[in-house]
Every structure is written in structure tokens, then in C-alpha cells.
Protein chains: 2
Amino acid sequence: MPESLTAAEPQRRPRGRPRKAPDALDEGNRRQELLRGAARLFRNKGFAATTTRDIAAAAGMQSGSPFYHFESKAALLFAVMEQGMRAALRSQAQALQAAAADRASSQDLLRTLVRAHFDVLLGPGSDFIPVMLYEWRSLTPAQRADIARLQRDYETAWADALQALCAAGTIRADARVARLMMLGALNWSVQWYKPKQGASLDELTEQVMQLFLPRN
Amino acid sequence: MPESLTAAEPQRRPRGRPRKAPDALDEGNRRQELLRGAARLFRNKGFAATTTRDIAAAAGMQSGSPFYHFESKAALLFAVMEQGMRAALRSQAQALQAAAADRASSQDLLRTLVRAHFDVLLGPGSDFIPVMLYEWRSLTPAQRADIARLQRDYETAWADALQALCAAGTIRADARVARLMMLGALNWSVQWYKPKQGASLDELTEQVMQLFLPRN
DNA sequence: CCTACCGATCGGTAGG
DNA sequence: CCTACCGATCGGTAGG
């Protein structure tokens, strides 16, 4: 290449909006945008019916660009679920910490878990966990094992609270069945709950408590 | 073609198993085989991830042959759900008839509905309703409206039974929320129930009754 | 992160 | 219901 051409390159700043440097922060932002868009699309159309082109477009990218951030479409699905579960675990831990500080009863502990779960399922930015609930079969066995470990952690708090309530006779059913039924009842709400109409998540929590613990 | 070749064709019956005539009964059987295979595949892999070639192979056909029986892959999905709902409605009506003959209480009526629902979800040949529960978003709006009408009929019996129990104070929650939570709890069982191990459907029904109606 | 592209696969069809 | 096929689309990649 003739030296004159490179030497002719001016040293002034480029006009217009400066191109952001591809530093670590920025790369995390783009990756995060991909994850949010993918979560929304996976939830609304399903994993197999969502194309990587859909996901790229949602983040304002060209069709091949998601593969700069994620190895494959399957890796994107896994990342959505993993990030969803880690956020859910943080949210649950925070709620339990507050309940412990209040010396909450077993019943109030359950209420805390129900309310936190509704937030995870139906609160703002809540596409990640619904994707996990309804795209489990789209994971590879190895991915499933990883997510299952996070789910076990999440359900431990439920198992403990329900065990206490069963032992006290407040709930009269096998603790495992009670846990599966309660979580199923709550998880189903993603199918019918409309945020802008009907009961608030606080009201829904009270309804659930009255339904499962009618004595108090 | 030389006449000798066609004239040489013998008039005797072909050897081996006689090819079944494509009469109405037979066509219904083949169609039914396609539906059963499609239901199983849609349940295990999801609608979008199942190819019409998978479905053809499950029925022992070549790749283009399902389209002799169904207009499109979408029509197959709709037929699976519609047939599933019609069978569920028949099963529910039969159970309710027996309960009415026994002058069943509201509580026994609910037990009857729970038991019939478990059969629909988890009993033998129960792939059709799980497909409906987890592939709703794969339907076109027009298909959705048709299936929703059948679902409304199915849920009417639940609404009536729960309304009676709420009015009597046996269940202390909004009747609509109670219905959504109960059906959600039961529907979730398709995610964890293993027919060959754990509780039977009768035992599970008793657990559900104790959980939701603990007073009696 | 974009451009340009590839091989594979998919739903569906014409003709028999 | 099979054979042979088509146009479209898809996940993913090389090179920059």
C-alpha cells in the first residue's frame, strides 16, 4: 500500500457521535441486550420457533453478530435460564434475610416465598424464568443438569418452610406433594396473569395464603 | 410397452399379507396413527422442533404422505388439541354423571373432577392435553378461539363446584383464583409425575383434597 | 461486529 | 400414499 495514502489520514477526531470503545463494560451491555431480547422472544414464540436472526434484530445487530457473543443458539438459551435462576436466587435470599430479621413465623416465611416467587414470575423483566419453565425440553442433558442444581437450591427454602408447616399440622399433606402443587399453582400464573388488570401481586399472595392455609 | 409383458401378468392373488383396501375405516386408522405419533412427538420435542418427516416416520409413511391426511403441520397440531379436548370432555361428563347418580356432595364432586383431570393429564395415551397446555402459543388466533371454546366448557364444571365450596366457606378464596390455582397445581404434574414410580393417581387425588380442603 | 456466504433441512406439492 | 422435487429459511462461519 502506498505510504502517501496512510500518511494522508488526518489526525482529527471523527465527526458525529463517537463510536464507543469495545471495552469490557460495553461488551457486557451488548451481551445483556441479546439476552433480554432472546428471553422475550423465547417466551413469546418458543425456542425452536425463534431464529437467531430475530434475536439479532431485537438487539439491532446483523444476522451473524450474535455468534460473536454466544457460541450457539443453545448457549443463548442456557444463558437465559442460568441468569434467570441466579437472579431468582438472589431475590429469594434477600427476601428470606428480611424475614429472618423479623423473626418471621413459618407461615410468614411461606408468604415471603410466595411473594418473591410471584415477583420472579410476573414482575418487571420477568421473561427469564418463564423461559426456563417452558423450554426445559430444549436443553441438552448436560445443560439440564446445571440448571437443575440451581433449581434445587431455590426449592430448598420451600422444602424447609413446608416441612415445618406440615410437621405443625398446618398443612395436611405430604411435604413434597405440597411443594410441587404450590409451585405448580404459582407457575401456572404466567399463563393467565395480566399485569395491568386484575389483582396485584400482593393481593394474589394473600389469596394463595388463604387457599393453602385457610385456618389462620 | 410390448403387449406380451402386460399379458404375461398372472391373474393369481399376490403372495404375502394382502394389502388392506383404502376404505373409510382404514383411512381413519392411518389418520389416527398420525395423530397419536404427532401428539407424542409434539409433547416430547415441541411443535416447532418436530418435523413432518418425524411424524411420517412414526406412522411408517414417507415424508410427503402426512399431507394426504392433513392440510398442514398446523392443522395436525390443531387436530391433536381438539381431539384431546373432546376426549377430556367426554371423560369429565361420564365422571360427573356417575357422581350425580350418587348424589355426591360438593366436596365429592370436586374429588371426582380432580381424579378425572389426573386421568386426562397422566393416564394412558395422555399426550394430547399436555400438548395443548404447552403449545398454546403455536396456534393461530383462529385456532386458539376454537380450542378456547372447548376449554370453557371443560372449566364450567370446575367453576360450579368451586363456587359452591366457596359459598359454603369450605374454600376461603376467590372462586376464580381458586380454580386457576387448582388447575395450575394439577397441570404442573405433567412436569414431574412418573407413572411407574411414586403415588398412584388415586393417592395423588387424596393428597390434593387434603391440601385444598384440609378441614374434612 | 458486519459482509457474504454455505450446507442442511424444512414444509409443502405435482404427478402418478 | 409414494417419488421426486422446489423455494425458503435456518444456524453457523471465514475473513475482515
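A, B, ... follow the sequence lines: proteins, then strands. Residue 1 opens every chain.
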- Kindly indicate whether the side chain of B:L96, heavy atoms from C-beta on, has any atom under 4.5 Å from the side chain of B:L109. yes
- Note on the structure: With B:L211 as partner, the option from A:D174, A:L211, A:I171 fulfilling side-chain contact (heavy atoms from CB on, under 4.5 Å) is A:I171
- Message: Do A:S65 and A:Q62 pair up side chain to side chain, a donor and an acceptor below 3.5 Å, judged on atom types alone?
- Response: no
- For atom CD1 of A:I55 and atom P of D:dG11, their distance in whole Å: 8 Å
- Task: Round to the nearest Å and state the distance from A:L34 atom CG to D:dG11 atom C1'.
- Result: 15 Å
- Note on the structure: Regarding the side chain of B:F67, the nearest nucleotide among C:dC2, C:dG11, D:dC2 is C:dG11
- Protein-nucleotide distance (B:Y68, atom OH; C:dG15, atom P), rounded to Å: 18 Å
- How about A:E206 and A:R111: do any of their side-chain heavy atoms sit closer than 4.5 Å? yes
- Task: May I ask you to check whether B:F42 and B:Y134 place their ring centers less than 6.0 Å from one another?
- Result: no
- Item | Parallel, tilted or perpendicular: rings of A:H117 and A:W158 (30°, 60°) | perpendicular
- Query: How long is the line joining CZ of B:R30 and C1' of D:dC2, in whole Å?
  - Reply: 12 Å
- Query: Would a 4.5 Å heavy-atom cut-off, applied to side chains only, mark A:L35 and A:Q32 as touching?
  - Reply: yes
- Note on the structure: Base-pair string, DNA chain D, Watson-Crick plus G-U, cut-off 3.5 Å on both distances, | for inter-strand, is ||||||||||||||||
- Expected list for residues 137-146 of chain A near DNA chain D, using heavy atoms below 4.0 Å, is none
- When the distance from CE of A:M61 to C1' of D:dG11 is rounded to whole Å, what number comes out? 17 Å
- Tightest non-hydrogen contact, residues A:A178 and A:L162, listed as C-CD1, 4.1 Å
- Message: Which heavy atom of A:F67 sits nearest to which heavy atom of A:S72, and what is that distance?
- Response: CE2-CA, 4.0 Å
Show each protein N/O and nucleotides 6-10 of chain D N/O combination with a separation under 3.5 Å, one pair to a line.
none

- Could you tell me whether a side-chain N or O of B:R137 sits under 3.5 Å from a main-chain N or O of A:R43, the two making a donor and an acceptor? yes
- Task: Check whether any side-chain heavy atom of B:I147 sits under 4.5 Å from a side-chain heavy atom of B:W136, and report yes or no.
- Result: yes
